[in-house]
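Got a structure for you, written out below as structure tokens; questions coming shortly.
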Amino acid sequence: MKRYWLMKCEPDAYTIDDLKRDGHTSWEGVRNYQARNMMRDDMQVGDAVLFYASNADPSGVTGLAKVVRAGYPEPRQAKPEWYMVDIGFVSRFADVVSLETLKATKGLEKMVVTQKGSRLSVQPATKSEYDIIVRLGRAKA
DNA sequence: GCCAACGTTGGC
DNA sequence: GCCAACGTTGGC
């Protein structure tokens, strides 16, 4: 069963353009147990990912990715405490679908990212939410 | 840069 | 196990 996710990253660290250039990347460095558990236990190859730029101008979904390797421990740990997945480039939105737009769009009210104080950097999404955002991204293109 | 919200740490 | 202090996230 294909699942849908939203993954946050600050543009200073990594952008959708970096992913386009690299083709794929390891999502290393997540230090939150909830996010870790999802990467370790729930994310599977082929799952769809909304790539979200946080602390950006404006913050929002900048493109799409997909899981190309399921959860595995970050290297160079004595004990495997932290896990990561690999994601591959799918597409880049011509314009960012801003957080403001997400908050204003019907059907996205329940997304974690639109909740006040939400800091989770890896979040589950639904197919319906994903489809709406893909449409918003295409509409702007 | 500010600061509210959140997660984690550590003293007790 | 409680909870204050601290560090981090992330919108604005």
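Letters go in sequence order (proteins before strands), and every chain restarts at 1.
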Applied to residues 36-76 of chain A, the ring-ring contact (aromatic ring centres under 6.0 Å, His included) test, sequence neighbours excluded, yields A/Trp27-A/Phe51

Within residues 115-126 of chain A, the residues having a heavy atom closer than 4.0 Å to DNA chain B are A/Lys116, A/Gly117, A/Arg119

One would report the end-axis bend of the helix from B/dG1-C/dC12 to B/dC12-C/dG1, five pairs per end and rounded to 10 degrees, as 10°

Can you give each donor-acceptor pair under 3.5 Å made by side-chain atoms of residues 108-115 of chain A, sequence neighbours left out, with the distance rounded to 0.1 Å?
{"residue": "A/Glu109", "atom": "OE1", "partner": "A/Gly107", "partner atom": "N", "Å": "3.0"}
{"residue": "A/Glu109", "atom": "OE2", "partner": "A/Gly107", "partner atom": "N", "Å": "3.2"}
{"residue": "A/Thr114", "atom": "OG1", "partner": "A/Leu108", "partner atom": "O", "Å": "3.3"}
{"residue": "A/Thr114", "atom": "OG1", "partner": "A/Glu109", "partner atom": "O", "Å": "3.4"}
{"residue": "A/Thr114", "atom": "OG1", "partner": "A/Met111", "partner atom": "O", "Å": "2.9"}
{"residue": "A/Gln115", "atom": "NE2", "partner": "A/Glu109", "partner atom": "O", "Å": "2.7"}
{"residue": "A/Gln115", "atom": "NE2", "partner": "A/Met111", "partner atom": "O", "Å": "2.9"}

ask   = Are A/Met38 and A/Pro124 close enough that some pair of their side-chain heavy atoms sits under 4.5 Å apart?
value = yes

Given side chains that start at C-beta, do those of A/Gln123 and A/Lys8 come closer than 4.5 Å, heavy atoms only? yes

Taken in chain and number order and not counting sequence neighbours, the residues that satisfy side chain to side chain contact (heavy atoms under 4.5 Å, CB included) with A/Ala70 are A/Gln44

Beyond-backbone contact of A/Val30 with A/Met84, side-chain heavy atoms, under 4.5 angstrom:
no

Is the shortest side-chain heavy-atom distance between A/Leu6 and A/Tyr130 below 4.5 Å? no

The first and last nucleotides of DNA chain C lying within contact of chain A, meaning any atom under 4.0 Å from one of its heavy atoms, run from C/dG7 to C/dC12

Would you say A/Glu28's side chain and A/Glu74's backbone share a donor-acceptor pair under 3.5 angstrom?
no

Hey, are the side chains of A/Leu50 and A/Glu129 touching, using non-hydrogen atoms and a 4.5 Å cut-off? no

5'-most contact on DNA chain B (nearest-nucleotide basis), A/Asn32 vs A/Asn55, goes to A/Asn55

- Task: Could you tell me whether A/Asp18 and A/Arg21 make a salt bridge, using a distance below 4.0 angstrom between a side-chain N and a carboxylate O?
- Result: yes

